[in-house]
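Worksheet: the structure to be examined is printed underneath.
Note that the coordinates shown come from a computational prediction; the quantities given were computed from them, not determined experimentally. FYI, side chains are in, hydrogens and waters are out, and symmetry mates aren't considered; it's all heavy atoms of this structure. Residue indices begin at 1 and follow the sequence shown.
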Amino acid sequence: MQMISFSSAGWESWDLARQPMIRERMPVLFDDDLLFEDGPGAPRPAAVGNWYLRELPVNGSPAVRTWQNSAGCLRDWFTFLKGRGVHPFGSRQELRSALSMYAEYRLAGSLKERWDHTTWNLHVGILSAFYNWAKDEAAVVDAVPFTYRMGCRMAQGSVVKTKRNLATLRRPRPHTTIKHLEKDFSELFVRALAGLGPDGEPDLRYRRPREAARNSAMADYVLSSGLRSKEFTHLTTYEVPPLPPRPTQLPVQFPLAYAITKGEKDRVTWVHYAQLAAMHQYIDLDRAASAEGFTWRPPWRLGEPLLVEEPDWEGARLNGIRKSWRSLRPQERLCLVTPDGQSPLVGLQSTGQPFVDWATVFRRTSARIRDRYEPRFPTTAPHRLRHSMAMRTLEELVKGRYRRIAQLVDDTDEDAALALWLRKHEPMMILRDLLGHWSVTSTELYIARLDVSRIYKELYESTLTRRNRAAEAEAAAEFTGEVDG
């Protein structure tokens with residue numbers, strides 16, 4: 001079985017009455033003989049699989065990557081069954097036997113075909129969704145080949161019923177896989193991107209590239225806002241929040257365009273004043289120098305240029321039609337051309353072209369840090385910066401919460417007040433919204449990685465220290481002037 005990505009280009013020459021009702025880049029499965037049915041009313045598994053894939057966008061899966069993962073999973077499963085003479089819509093018992101063989105094939109088979117537990121669970125989830133759809137919507141099977149166990153869990157203070165597929169494998173605690181940079185490593189990374197050493201002085205052994213200001217400003221911006229790679233790579237200068245007239249301790253709200261977020265979900269995060277000021281400085285100075293004298297013309301493979309007119313914070317006229325920045329997808333943003341003939345994306349190369357290969361820059365900088373300064377420094381991918389922001393933000397939120405707890409204990413002299421505060425989950429709710437998670441369950445992985453006991457102990461002890469100092473000062477003032485004897 002083969003798989004391709006659909007494109008409607010040239011459909012007029014296909015001898016069809018109308019354009020096929022298939023989304024662009026939608027995966028299409030087909031057998032080697034290019035037939036989709038064995039006769040009238042007898043569709044092949046590939047045809048049923050394509051039917052399921054076409055309904056993914058209207059069933060809560062708008063991302064192209066999700067379509068591709070689902071199509072690849074179905075292709076591998078159908079191919080495996082065909083090689084063993086089992087029909088994908090046969091009896092439940094026959095499919096369960098085939099599923100058992102498939103588990104052996106993927107988990108204990110040859111090295112070439114073997115999967116890890118994460119990949120296996122991903123495919124089991126896709127197959128489970130497919131067979132439930134095939135039973136309830138397509139009515140091509142009588143029963144699904146999976147067995148489920150019902151359970152309950154607490155979510156935001158309420159009991160929620162859950163259903164676990166017994167074919168999935170138990171995994172280690174997921175928080176152990178969260179990779180982030182501690183504060184000192186984050187600062188070292190940003191300085192290295194700027195061509196500086198750990199002390200903040202220029203690294204004379206390193207030839208500072210012209211893009212150093214871009215790299216450091218963007219990395220620091222992501223460490224403050226928690227943007228995903230797709231979000232900051234395709235960010236335009238028009239969407240960067242304006243700099244407040246004076247420095248502020250409060251973060252600046254930063255709305256994100258839903259068209260570039262994961263799952264196309266509306267989200268508002270924040271960015272701190274210092275990082276926002278550094279970004280504006282880069283845009284006004286280094287970026288302007290990179291764009292000056294160059295004309296940006298997007299390559300034909302991306303699509304026609306979108307000429308920007310009358311741009312503002314909300315949007316602009318693109319080829320004469322008013323559009324919001326929020327609705328522009330990544331590929332369309334690469335096609336934008338400003339009134340000055342430049343790309344409006346924040347990250348530009350020294351040639352004025354949009355820059356998209358952040359992973360390579362971060363990887364090379366990590367290697368340079370290990371070689372010259374810190375051999376323990378990890379290879380840093382863009383998503384590690386997002387995790388670092390999440391951990392740092394969560395610690396600050398928890399610190400603020402525990403400061404109130406410690407103060408309350410100090411004022412009331414009752415440790416019982418702690419129990420009331422610990423039942424509340426404001427930090428998790430805030431971080432969930434900043435990161436754009438659908439469920440707080442994803443956000444809870446960070447709290448498991450945080451050393452909450454250390455944070456509370458430090459803040460509690462600092463509060464008691466302040467109280468003891470106040471008592472000592474009061475006693476000293478009370479007995480000042482008295483003479484012994």
Side-chain angles (χ1 to χ4, degrees), residues 181 183 186-196 200 208-257 260-261 267-292 308 311-314 325-326 328 330 333-334 336 338 340 342-350 352-359 361-362 365 380 382-386 388-390 392-393 434-436:
L181 299 178
K183 185 177 180 180
S186 296
E187 294 174 352
L188 177 60
F189 185 64
V190 172
R191 288 172 180 169
L193 287 169
L196 306 177
R208 188 175 186 269
R210 293 184 58 182
E211 297 85 359
R214 176 202 68 193
N215 298 340
S216 61
M218 184 63 81
D220 212 13
Y221 197 79
V222 175
L223 283 166
S224 178
S225 60
L227 300 184
R228 292 184 174 92
S229 178
K230 184 172 69 171
E231 295 165 351
F232 70 79
T233 298
H234 301 94
L235 183 68
T236 68
T237 56
Y238 306 116
E239 297 168 291
V240 176
L243 190 66
R246 62 182 60 88
T248 173
Q249 294 295 325
L250 295 177
V252 179
Q253 282 198 339
F254 180 21
L256 294 176
I260 61 173
T261 62
R267 154 163 145 254
V268 177
T269 184
W270 66 31
V271 59
H272 293 80
Y273 181 90
Q275 285 72 24
L276 181 59
M279 177 58 73
H280 275 278
Q281 181 177 349
Y282 156 69
I283 292 174
D284 295 338
L285 299 178
D286 296 82
R287 184 188 179 281
S290 296
E292 185 177 2
V308 179
D312 56 30
W313 170 265
E314 292 291 338
W325 304 124
R326 298 172 63 250
L328 295 182
R333 290 164 176 262
L334 292 172
L336 293 174
T338 69
D340 299 328
Q342 303 167 354
S343 171
L345 295 192
V346 171
L348 295 184
Q349 302 181 47
S350 59
Q353 297 178 327
F355 182 72
V356 297
D357 192 12
W358 291 100
V361 170
F362 291 173
T365 302
T380 300
H383 208 75
R384 189 186 286 259
L385 302 187
R386 173 175 163 85
S388 303
M389 174 269 184
R392 186 184 305 178
T393 301
L434 291 175
L435 296 177

List the atom of Arg214, the atom of Val361, and the distance in Å for their closest heavy-atom pair.
NH2-CG2, 4.4 Å

Pairwise distance OH(Tyr273) to NE2(His280) - rounded to 0.5 angstrom:
9.5 Å

Nearest-0.5 Å distance, CE of residue Met218 to CG of residue Leu227
8.0 Å

Spatial distance of atom CG (Leu328) from atom CD (Glu239) [nearest 0.5 Å]:
8.0 Å

State, with a plain yes or no, whether a side-chain heavy atom of Ser350 is found less than 4.5 Å away from one of Glu211.
yes

Face-on cation placement of Arg228 at Trp358 ring, 6.0 Å and 45° thresholds
no

Assign the ring pair Phe189 / Phe362 to parallel, tilted or perpendicular, where the plane angle (0 to 90°) is split at 30° and 60°.
perpendicular

Quick one: pull up CD1 in Ile283 and OG in Ser290 and give me the separation to the nearest 0.5 Å.
12.0 Å

Thr233 and Phe355: CA distance, side-chain angles, deciding distance, side-chain contact (heavy atoms from CB on, under 4.5 Å) verdict
CA-CA 7 Å; Thr233 298; Phe355 182 72; over 6 Å; no

Residue pair Ser343 / Arg333, side-chain donor-acceptor N/O under 3.5 Å
no

Does Trp313 have its ring centroid less than 6.0 Å away from the ring centroid of Tyr238?
no

Contacts table for residues 246-256: side-chain donor-acceptor under 3.5 angstrom, sequence neighbours left out:
residue: Thr248; atom: OG1; partner: Leu250; partner atom: N; Å: 3.1

Let me confirm one number: the CD-CG distance from Gln275 to Leu223, rounded to the nearest 0.5 Å.
8.0 Å

Of the non-hydrogen atoms in Val271 and Ser225, which two are nearest, and what is the gap between them?
CB-CB, 4.4 Å

Go through it in stages, so that I can follow the logic: the residues are Arg267 and Glu231, the test is side-chain contact (heavy atoms from CB on, under 4.5 Å), and I'd like the CA-CA distance, side-chain angles, deciding distance and then a yes or no.
CA-CA 11 Å; Arg267 154 163 145 254; Glu231 295 165 351; 2.8 Å; yes

Any heavy-atom pair between the side chains of Leu348 and Gln353 that's under 4.5 Å?
no

Hey, is Glu292 close enough to Arg287 for a salt bridge, meaning N to O under 4.0 Å?
no

Minimum heavy-atom distance between Ala219 and Leu193, given as atom pair plus value
CB-CD1, 3.3 Å

Please report the C-alpha distance between Ser186 and Arg392 in whole Å, then the side-chain angles of each, then the deciding distance to 0.1 Å, and finally whether the side-chain contact (heavy atoms from CB on, under 4.5 Å) criterion is met.
CA-CA 10 Å; Ser186 296; Arg392 186 184 305 178; 3.2 Å; yes

For residues Lys230 and Ile260, report the shortest heavy-atom separation together with the two atoms involved.
CE-O, 3.1 Å

Looking only at heavy atoms, which two atoms of Leu345 and Pro354 are closest? And how far apart?
CD1-CB, 3.7 Å

Rounded to the nearest 0.5 Å, what separates atom OG1 in Thr380 from atom CG in Leu181?
4.5 Å

Are side-chain heavy atoms of Trp270 and Thr393 found at a separation under 4.5 Å?
yes

Check the pair Glu314, Trp325 against side-chain contact (heavy atoms from CB on, under 4.5 Å), reporting the backbone distance first and the verdict last.
CA-CA 6 Å; Glu314 292 291 338; Trp325 304 124; 5.7 Å; no

Please report the shortest heavy-atom distance between Tyr282 and Ala213, naming the atom on each side.
CD1-C, 4.1 Å

